[in-house]
Amino acid sequence: MAVGTQYIAEQPKLRTSSKVLGAIAIAALLAAPFFFYPVLLMSILCFALFACAFNLLIGYVGLLSFGHAAFFGGAAYFTAHAAKVWGWEPLAAILLGVAGAAVMGLLMGFLAIRRQGIYFAMITLALSQMFAFICLQVPFTHGEDGIQGVPRGYLLGILDLNEPLTMYYVTLAIFLFGFFIIWRIVNSPFGNILKAIRENERRAVSLGYRVDRYKLGAFVMSAALAGLAGGTKAIVFQFATLTDVNWQMSGEVILMTLLGGIGTLIGPVVGASLVIALQKYFAAWNFPVTVLIGIIFVICVLLFRRGIVGEILELMKRRQKGAA
Amino acid sequence: MSTIFGIPTPALYGQILIGLINGSFYALLSLGLAVIFGLLRVINFAHGAQYMLGAFVAYLLLNYLGINYWLALIVAPLVVGAVAVVIERTMLSRLYGVDHLYGLLLTFGLALILEGAFRHWFGAAGQPYAAPSQLSGGVNLGFMFLPIYRGWVVVASLVICIGTWLLIEKTQLGAYLRAATENATLVQAFGVNVPLLLTLTYGLGAALAAFAGVLAAPIYQVSPLMGTNLIIVVFAVVVVGGMGSILGAIITGYVLGILEGLTKVFYPEASSIVIFVIMAIVLLVRPAGLFGREE
């Protein structure tokens, strides 16, 4: 049984209940900065998008990438450099980050899809570690210091992103855009072929699909969306450092997705919110965050592999069956 | 002073020796990974943490109980092996029925816990661990100066690697192990206690990592982060070698270590990434790895 196949939910084409829930969620997100600290919310949005991008690969193609930090952190570096050194407009800088991440995804994906399963995970981990070493050495990343003091600038030359609320709504818009793209990919014919590959790769091959191209395509899209998250993060927090490209970051995004629910659309969002909130909470407590993340990992893997959202959906499914 | 390609020979031999030392650790660790993966189908991400644990057990034994290096070389692998047995029995064994990736994720979580805890207690800086007096000093080999401890590391790791290989290829226990790797159900039907075999294998793999950790303690400092940074390189080594063969894992470990050492001489900037580059080339040319079989 492949990861993410525990429940092969037909993603419904927006039922009325989903529409209502979606509207409520968007309203809540619009109102959120008046109740919570915007920086925390923006951090959650960036990581939620990152986790959704990662989930596109594990949840819908069944490929566990252990190297997604390279795209997230790489894009953060590209965006930060463009905004700070070249003085680019923030959106253009973010788009450069996305493009950079996509190119990296093409290179890494081309190598990694030659193997499957556990080897795929090890190869992506090794390649992203190689990228981290490169980031440590090339001059433009400024080594251990990272790129600090990235200007937020004016979006399209008009909107002042130094206003916390403006920055928040721009981040929210980027997140919703990314989320919408992922939803479209998953529910497209392309997405259905991806799911077919996840369920039975040989059969997909026998049906005449060029599986490698689909996998590579999904890998590049996932990398580009992770880049969108990373680039946005660089503008929001105004820095890009080695932390973003490290293997720990790849581990964190896996955890967010696993905790929320692999292969569910909103699972990664739930997972990212929880992990970020817990990190904030425990950091104030002087409890080592790494240990906390490790413990959640172990609990998730042993007790609820479907993740929070996955378990809830499973429960609802069972109830429906019981009622019918 | 004689030179080769414009490099003074002592510097060249010195880097080859360092490469050989690194290669010893790559070989020991990829051997353990290959043994565990062969039977359990689990990539043991905690391997680096178990290596670190071995070094820390030696360090704690010396500083709190006064137990010397030689005893630590035996005790630390036993302690870490015992911890691994508990982990296998209580956690890993529950995951054999599900996708192998969950084994990777579980051991990744365990690695984070171990590393985070030791970092919390001991800080990120390394603790020094002195080489035993019998092995301190060095000898002049005529063409280079050889610190005795480094020579010992190479010899000890070779002996352990060859010993493990013999254990698996030439003994009754090894035959069970190989048979269970091919077809666990059938071997169990013949009355071999396969679950016990799985437990012992995981313990053995972890003990090998701990042994490598004790060997490494006097060379690198004993630090909480010593394992994970190494294990990622070892993963690349494993991808290059392919996990099909024990001997292949050992040979690949040494060869890549030496290649890395040579890179330090000729193009130092690339030395930290050379193994990853080799991995990428191997993936292009021979995706199954040098000694691997297509699955």
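Letters A, B, ... mirror the listed sequences (proteins, then strands); counts begin at 1.
- Looking at A/Phe287, there are no atoms closer than 4.5 Å to chain B (heavy atoms on both sides), in backbone or side chain.
- Listed by chain and number, the residues in a side chain to side chain donor-acceptor pair (under 3.5 Å) with B/Ser93 amount to none (sequence neighbours excluded).
- Contacts of A/Leu258 with chain B are made by side-chain atoms alone, with heavy-atom separations under 4.5 Å and no backbone atom involved.
- Residue B/Arg119 qualifies as open at atom CZ: its count of foreign heavy atoms under 6.0 Å is 12 or below.
- There is no contact between B/Val233 and chain A, counting heavy-atom distances below 4.5 Å.
- Across all their heavy atoms, A/Gln137 and B/Ser272 have their closest contact at NE2-OG, 3.6 Å.
- The stretch residues 222-235 of chain B participates, sequence neighbours left out, in no salt bridge (Lys or Arg N to Asp or Glu O under 4.0 Å) pair at all.
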Show the atom names and distances, to 0.1 Å, of all donor-acceptor pairs under 3.5 Å that link a side chain in residues 209-216 of chain A to residues at least two apart or in another chain.
| residue | atom | partner | partner atom | Å |
| --- | --- | --- | --- | --- |
| A/Lys215 | NZ | A/Glu201 | OE1 | 3.3 |
| A/Lys215 | NZ | A/Glu201 | OE2 | 3.0 |

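- A distance of 11.5 Å separates CG of B/Leu106 from CD1 of A/Ile299, quoted to the nearest 0.5 Å.
- In this structure, CG in B/Asp99 is found 9.0 Å from CG in A/Leu64, a value given to the nearest 0.5 Å.
- Of residues 121-129 of chain A, those residues lying under 4.5 Å from chain B by any heavy-atom pair are A/Ala121, A/Met122, A/Ile123, A/Leu125, A/Ala126, A/Leu127, A/Gln129.
- Heavy atoms of B/Ile273 lying under 4.5 Å from chain A belong to its backbone as well as its side chain.
- Contact annotation for B/Met91: both backbone and side-chain heavy atoms come within less than 4.5 Å of a heavy atom of chain A.
- Here the CD1-CD1 distance, from B/Ile113 to A/Ile293, works out to 11.0 Å after rounding to the nearest 0.5 Å.
- Annotation: the span from B/Phe45 atom CZ to A/Ile118 atom CD1 amounts to 12.0 Å, rounded to 0.5 Å.
- For B/Tyr220, the OH atom counts as densely surrounded, since its 6.0 Å shell holds more than 12 non-hydrogen atoms of other residues, nucleotides or ligands.
- By the 4.5 Å heavy-atom criterion applied to side chains, A/Tyr119 and B/Ile43 are not counted as neighbours.
- Remark: A/Leu302 CG is packed, more than 12 non-hydrogen atoms of other residues, nucleotides or ligands lying under 6.0 Å away.
- The minimum heavy-atom distance between B/Leu283 and A/Leu111, with the atom names listed, is CD1-O, 4.1 Å.
- Contact of the A/Val291 side chain with the B/Leu112 side chain is not registered, since no non-hydrogen atoms from C-beta on lie closer than 4.5 Å.
- Relative orientation of the A/Phe66 and B/Phe108 rings is perpendicular, given thresholds of 30° and 60° on the angle between their planes.
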